[in-house]
Amino acid sequence: MKVIVTRDNQEMSQKAADLLQLCMEENEESVLGLATGGTPRGTYQELIRRYKAGELDFSHVTAFNLDEYVGVDQHHPQSYHTFMKEQLFQHVNMNIEKAHIPNGQAPDLQEECARYEALIEKIGPPHIQLLGIGHNGHIGFNEPGSSFKSETHVVDLADSTRDANARFFESKSDVPSQAITMGIQSIMKSKRIVLIASGEKKAEAIRRLLSQEVSEDFPASALHSHPDVTLIVDLSAYQKI
Ligand code: GLP
């Protein structure tokens, strides 16, 4: 795992955008794995800035998002569909037909998971996967205890994850209790993985990640077995090392 420590969130976002840009330049039909949460926001802003400056073209990009809440309308302000539209897609020349996000409202969730995984196999896997990390080490919504062999599946969200995401909803009780997430094995299929982390609240998760312990109790530790992972972490998330 290559580790890049940056001064702050802004530099972290720029470096992550550099890697996504490189991937788009290297692959005419690039496939990007994208993430939600507070952490990638700056990266998306940087990509939008570069697009507006004429440095990036999204017309040939296919995107796969990691996850979506179960039972939340795609147009709900806190759905990950809405997040991606507002944070990136509507600001660039992305073909929205090529922007894939699991459907958390599918009548048959198991069928939806199988469809999504098959699509990743068919069109993907991503040339590069952007990831954040949960306080408990989750990646996507793969909570502690998730099998490293898991593919796209329905997950019950950990209480701590619902607490952490309550800030985006009116109250914790509004946070959905389930999500569809790409599994750890689905994530590991990407050719390159970039994990970004910022702020003191992530310091303990980053310390644990860099301790080299590999365990299903700490989902991000699966990344130690991937041949091309870059961790971009700002100083405040790196402080406990
Ligand atoms: C969320 C998402 C993850 C994200 C993580 C951290 O629940 N499912 O993909 O990486 O939790 O989020 P944040 O960046 O807001 O700290």
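Order of listing sets the numbers, starting from 1, for every ligand and every atom in it.
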Report the residues that fulfil side chain to side chain donor-acceptor pair (under 3.5 Å) with S190, sequence neighbours left out, ordered by chain and then residue number.
-> none
Enumerate the protein residues lying less than 4.0 Å from ligand 1, judged by heavy-atom distances, in chain and residue-number order.
-> T36, G37, G38, T39, D67, Y80, G132, I133, H138, G140, F141, N165, R167, K202
Which donor-acceptor pairs under 3.5 Å do the side chains of residues 168-184 make with protein atoms, sequence neighbours left out?
residue, atom, partner, partner atom, Å
S171, OG, S173, N, 3.4
S171, OG, S173, OG, 2.9
S171, OG, D174, OD2, 3.4
K172, NZ, D159, OD1, 2.9
K172, NZ, D159, OD2, 3.2
K172, NZ, D163, OD1, 3.1
D174, OD2, S171, N, 3.4
Q178, NE2, D156, OD1, 3.0
T181, OG1, F141, N, 2.9

Q74: what forms a side chain to side chain contact (heavy atoms under 4.5 Å, CB included) with it, not counting sequence neighbours?
-> H81, N103
Can you check whether L22 reaches L20 side chain to side chain, under 4.5 Å on heavy atoms?
-> no
Give a yes or no on whether a salt bridge exists between E117 and K189, defined as a side-chain N under 4.0 angstrom from a carboxylate O.
-> yes
What orientation do Y44 and F83 show, parallel under 30°, tilted 30 to 60°, or perpendicular over 60°?
-> perpendicular
